[in-house]
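Here the structure is laid out as structure tokens; the discussion comes afterwards.
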Amino acid sequence: MAVILKVRGTRDLLPPETELWNRVEATTRALFARYGFGEIRTPIFEDTQLFARGVGEETDIVSKEMYTFTPADDVGRSAGRVTGESAGLPSRDEKAQSLTLRPENTAGVVRAYIEHKLNDIGTLQKLFYIGPQFRRERPQRGRYRQFWQIGAEVLGPAWSGAESPLRDAEVLEMLATLLDELGVRGWQLDLNSIGSTTDRPRYLAALRAALAPIKHQLTPDNQRRAETNPLRVLDSKDPRDQALIEALPCIADFLDEDSRSHFDQVKAALTACGVPFRDNPRLVRGLDYYTRTTFEFTIPDGSGLGTQNALLGGGRYDGLSEMLGGPKAPGIGFAIGEDRLILALEAQAEQESPVERKLDAFIAPMGISQNSAALVLARELRAAGLSIEVGEGAFRLKRSFETADKLAHRMVIVGEDEVASDLFTVKHFSRGEQEKVTRVGLAEALRR
RNA sequence: GCGGCUAUAGUUCAGUGGCAGAACGCCGCUCUGUGGCAGCGGAUGUCGUGGGUUCGAAACCCACUAGCCGCCCCA
């Protein structure tokens, strides 16, 4: 029989790696709670239109990287092959619905915000999520077709203060704290403002105008970008074009008074909090919904991520709710690439000494007649909060010792003598010592 | 989606046309209630998949699949 393998770009997470995932998520949840965030869980698939409108029809994500499908029932229905009256199926004129596995989660969160009329509550909504996202890209280290994001969104009606630069600074300060708490070393925060929904078109027009006469001097990649997505020319890494790029108009010069003041306040608040950042006028974001503040946390080369050195990114999206047919609800959010975060932490941990994780005790029954007694003892000790593995009475004692030494800090022998005398032999592997302990004293002895 | 590199034991890898290998790990014995150390022994396997060249292919060629690196883009 041919073996069935995981599909390209997906992966299985096994112990002990999952332990690190859980640690990251637990740390994150605890921290988010301190900042007043509540968890939201949105569906893993949504109406395709949500991403087309929210993320942007012209973005790479929507135009070529989405997992889009139409359920077989809907296909049959739209093809008129389903009669409709049998089995209570929907009538044939019901339109086939195009669905898409979410390529990111902000659109889904804002959709839920609109759908549940959270704007009418009137207060700021602070929501976080942890879950898988899907993009059909060429897989690489730190870049998978099913990847996990930890994200959060702060949004609310204009009067809730959702638009305040304080929110931007709070989110950024929280992220800096999170990376520190997780033990990520050497991170860098890049910060920019890409202007309001009115600033951006003005700047874009000026950028196109500046690009037009020099376009033919650019490398082919950047010529194409100049056409399709001029903003991306700005963060091109190609050294051959740097001189030309330097001379292009700068977004900072096109911010209106409000946007400039907003950005200045964000930076002032960050400085007050002691969060280091780099003003990066080249930092643009790929998704259509971003306005004003945009940011990215990266780690240095050689930190285990290859060229995928962005750990997380985000920004403000003051017009997204309206783009999705909702009320005015400015907001700011971010998404952490959890896979990348884990890779970075693993790469760091490799440079340090790995910590062995062992169970409290291994219980070794002597002979199959002691199996039940061993299991009962394990049950008691586990109930007392200890982590326990049980051996197998058919195995020779030597084998029990070998197995126990690999798995646990201590071993308890359960043989006829022990059960009869109520004195159990406990071996402490680290100390190489052995002692006899009564049943009532066992839990205590195994904790030391 | 484009370009490049790679795929051999559980793991890390050697093997450039002629018997499928090493280290570590695993199992057994020395050792029937005392592990770690040591000695001896054992199994490691569709050589990624399919086709082709050849007397003969793990090796050469082609395709496919997957991983990695770079690009595009992005978390």
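In what follows, every chain begins at residue 1, and chains take the letters A, B, ... in the order their sequences are listed.
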Original post:
Is it true that atom CZ of A:R379 has more than 12 heavy atoms of other residues, nucleotides or ligands lying nearer than 6.0 Å?
Top reply: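 Open.
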**OP:** Kindly check if the number of other-residue, nucleotide or ligand heavy atoms within 6.0 Å of CD (A:E435) is above 12?
**Re:**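 More than 12 within 6.0 Å, yes.
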Take atom [atom1] in [N] and the same atom in [M], then report the distance between them in whole Å.
N: B:G17; M: B:G10; atom1: C1'; result: 30 Å
N: B:G33; M: B:G28; atom1: P; result: 14 Å
N: B:A75; M: B:A7; atom1: P; result: 34 Å
N: B:C31; M: B:G39; atom1: C1'; result: 12 Å
N: B:C27; M: B:G45; atom1: P; result: 16 Å

Between [Y] and [X], does any NZ, NE, NH1 or NH2 come within less than 4.0 Å of an OD or OE carboxylate oxygen?
X: A:E181; Y: A:R34; value: yes
X: A:R447; Y: A:D360; value: no
X: A:R439; Y: A:D422; value: no
X: A:K406; Y: A:E389; value: no

Euclidean distance, atom [atom1] of residue [X] to atom [atom2] of [N] [Å, nearest integer]:
X: A:D339; N: B:G67; atom1: CG; atom2: P; result: 14 Å
X: A:L14; N: B:U11; atom1: CG; atom2: P; result: 12 Å
X: A:L5; N: B:C64; atom1: CG; atom2: C1'; result: 14 Å
X: A:I61; N: B:C72; atom1: CD1; atom2: C1'; result: 13 Å
X: A:Q133; N: B:A75; atom1: CD; atom2: P; result: 11 Å
X: A:R8; N: B:C64; atom1: CZ; atom2: P; result: 12 Å
X: A:N309; N: B:C73; atom1: CG; atom2: P; result: 15 Å

**OP:** Compute both the distance and the angle, then confirm whether A:K267 meets the cation-pi test with A:F263: under 6.0 Å from the six-membered ring centre, within 45 degrees of the axis.
**Re:**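 Satisfied, under 6.0 Å and within 45°.
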With a 4.0 Å cut-off on heavy atoms, is [X] in touch with a base, just the backbone sugar-phosphate, or nothing at all?
X: A:Y144; answer: base
X: A:G9; answer: sugar-phosphate
X: A:G142; answer: base

**OP:** Encode nucleotides 24-36 of chain B as B, S and - characters from 5' to 3', where the letter depends on protein heavy atoms closer than 4.0 Å: B to the base, S only to sugar-phosphate, - to neither.
**Re:** --S-SSBB-BBBB
With 3.5 Å as the limit, what N/O pairs link the protein to nucleotides 1-9 of chain B?
| from | atom 1 | to | atom 2 | distance (Å) |
| --- | --- | --- | --- | --- |
| B:G3 | O6 | A:R138 | NH2 | 3.4 |

**OP:** Give a yes or no on whether the backbone of A:R102 and the side-chain of A:T100 come within a donor-acceptor separation of less than 3.5 Å.
**Re:**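 No: the side chain of A:T100 does not pair with the backbone of A:R102.
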Original post:
Is the backbone N or O of A:K6 less than 3.5 Å from a side-chain atom of A:T10, with the two atoms forming a donor-acceptor pair by type?
Top reply: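 No: the side chain of A:T10 does not pair with the backbone of A:K6.
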Original post:
Does anything in residues 26-43 of chain A reach RNA chain B, meaning a heavy atom under 4.0 Å, and if so which residues?
Top reply: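 Per residue number, the list is empty: none.
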Original post:
With both distances under 3.5 Å as the test, what is the Watson-Crick or G-U wobble partner of B:U65?
Top reply: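 Paired with B:U65, as far as the under-3.5 Å criterion goes, is B:A7.
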Subject >> Earlier contact from the 5' end, RNA chain B, for A:V7 and A:Q149 >> reply: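 That would be A:V7.
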**OP:** Determine the interplanar angle of the A:F69 and A:F45 rings, folded into 0 to 90°, and report it as parallel if under 30°, tilted if 30 to 60°, perpendicular if over 60°.
**Re:**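 Plane angle over 60°, so perpendicular.
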